[in-house]
Amino acid sequence: MGRRKSIDPQQLLDAAERVVAQMGAARLTLDAVAAEAGVSKASVVYDFQSKAGLIQAVVERAVARDNAFNREAAKGFNQDALRGRIAAAAQPFPEAFQPVALALCAAMAQDPQLRAPIQHNQAQILAEIQQQATHPRSALLAYLALEGMKLLESLDYVQWPAAQRQQLLQDIGALIETPPR
């Protein structure tokens, strides 16, 4: 019988996020992640096979966390995905994850495979929003406004004062029920 695995892949992903935040995704190495996690490089290779596999896992975990956060927020709105996303956006992007997000965006810009989980997730979100909407075009515009606001913030291009941010979210929410012209 083989030895039981004792290294949690989530701890390796945590270590990878710390390395990406410090050095960027382009300079991420399996050795650096292993050192950060306090394990052997073989342990990282066992779970993720390569640097690309590790970065892919970090992206997929970020998508899964974001989806879970938004689904939890949607519970307060009878599972309405768009209203849940607007409510979830009331909590700004976690500052600690911002360097990781920026580094991952740079990596995704150069690698279509890394974009695939995001593209797939966006297609599912858009389909769900369109299916639930009374006015699908208005809901789409609201989603685009919400995601544009969040993108500007996550890239650190704009940081809205709290009161203005809340007003923007209310205005975006009002777009959902506005019949299209």
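Predicted model, so just to flag it, every value in this text is computed and none were measured. We count residues from 1, following the sequence as given.
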### Test side-chain contact (heavy atoms from CB on, under 4.5 Å) applied to Arg85 and Ile125, step by step
CA-CA 10 Å; Arg85 287 186 168 274; Ile125 292 166; 2.9 Å; yes
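Counting heavy atoms from C-beta on, the side chains of Val63 and Ile118 come closer than 4.5 Å. In this structure the side chain of Phe97 reaches within 4.5 angstrom of the side chain of Glu17, judged on heavy atoms. Taking 4.5 Å as the limit, every side-chain heavy atom of Val58 sits out of range of all side-chain heavy atoms of Val20. Contact of the Lys75 side chain with the Arg71 side chain is not registered, since no non-hydrogen atoms from C-beta on lie closer than 4.5 Å.
Between Ala142 and Ile176, the closest heavy-atom pair is CB-CG1, 3.9 Å. Closest approach of Lys51 and Ala26 over heavy atoms only: NZ-O, 2.6 Å. Looking at every heavy atom in both residues, Leu102 comes nearest to Ser154 through CD2-O, 3.7 Å. When all heavy atoms are compared, the tightest approach of Pro179 to Ser138 is C-OG, 3.9 Å. Shown here for Val19 and Ala32, the closest heavy-atom pair between the two residues is CG2-O, 3.8 Å. For the pair Ala57 and Phe48, the tightest heavy-atom approach, listed with the atom from each and the gap, is CB-CE2, 3.5 Å.
Looking only at atom types and distance, the side chain of Gln10 has no donor-acceptor partner in the side chain of Asp14 under 3.5 Å away. Checked by atom type, the side-chain pair Tyr143/Gln122 shows a donor-acceptor distance below 3.5 Å.
Follow the hydrophobic side-chain contacts under 4.5 Å out from Leu104 and you never reach Leu152; the two are in separate clusters. Connection of Ile86 to Leu168 is established within a shared hydrophobic cluster, with ILVMFWY side chains joined at heavy-atom distances below 4.5 Å, either directly or through further cluster members. In the hydrophobic cluster analysis, where Ile, Leu, Val, Met, Phe, Trp and Tyr join through side-chain heavy atoms closer than 4.5 angstrom, Met23 is grouped together with Leu114. Taken together through direct or relayed side-chain contacts under 4.5 Å among Ile, Leu, Val, Met, Phe, Trp and Tyr, Phe69 and Val100 form parts of separate hydrophobic clusters. In terms of hydrophobic clustering, with Ile, Leu, Val, Met, Phe, Trp and Tyr side chains grouped at heavy-atom distances under 4.5 Å, Leu144 and Leu175 are assigned to different clusters.
Not a single donor-acceptor pair under 3.5 Å links the side chain of Asn78 to the backbone N or O of Asp80. Remark: side-chain polar atoms of Lys41 are not paired, donor with acceptor, to backbone N or O of Val33 under 3.5 angstrom. Side-chain atoms of Asn70 come within 3.5 Å of backbone atoms of Asp66 as a donor-acceptor pair (strictly under, hydrogens ignored). Panel note: side chain Gln132, backbone Ala81; a donor-acceptor pair is recorded below 3.5 Å. With hydrogens and angles disregarded, a donor-acceptor distance shorter than 3.5 Å links the side chain of Arg165 to the backbone of Ala89.
Contact check on Arg83 versus Glu177 returns a salt bridge, with a Lys/Arg side-chain nitrogen under 4.0 Å from an Asp/Glu carboxylate oxygen. Checked for salt-bridge contact, Lys150 and Glu147 meet the test: a charged N lies under 4.0 Å from a carboxylate O.
The line from CG of Leu12 to CG of Leu54 is 8.0 Å long, rounded to the nearest 0.5 Å. A distance of 13.0 Å separates CG in Asn67 from CD in Glu72, rounded to the nearest 0.5 Å. Taking CG from Leu82 and CG from Leu126, the interatomic distance works out to 10.0 Å, rounded to the nearest 0.5 Å. For the atom pair CD1 of Ile129 and CD of Gln124, the computed distance is 12.0 Å after rounding to the nearest 0.5 Å. For the atom pair NE2 (His135) and CD (Gln130), the distance works out to 12.5 Å, reported to the nearest 0.5 Å. In this structure, Glu36 CD and Leu28 CG are separated by 11.0 Å, a value rounded to the nearest 0.5 Å.
Residues satisfying the side-chain hydrogen bond (donor to acceptor under 3.5 Å, both in side chains) criterion with Asp156, sequence neighbours excluded, are Gln159.
A 6.0 Å sphere centred on CD of Gln131 holds no more than 12 heavy atoms belonging to other residues, nucleotides or ligands.
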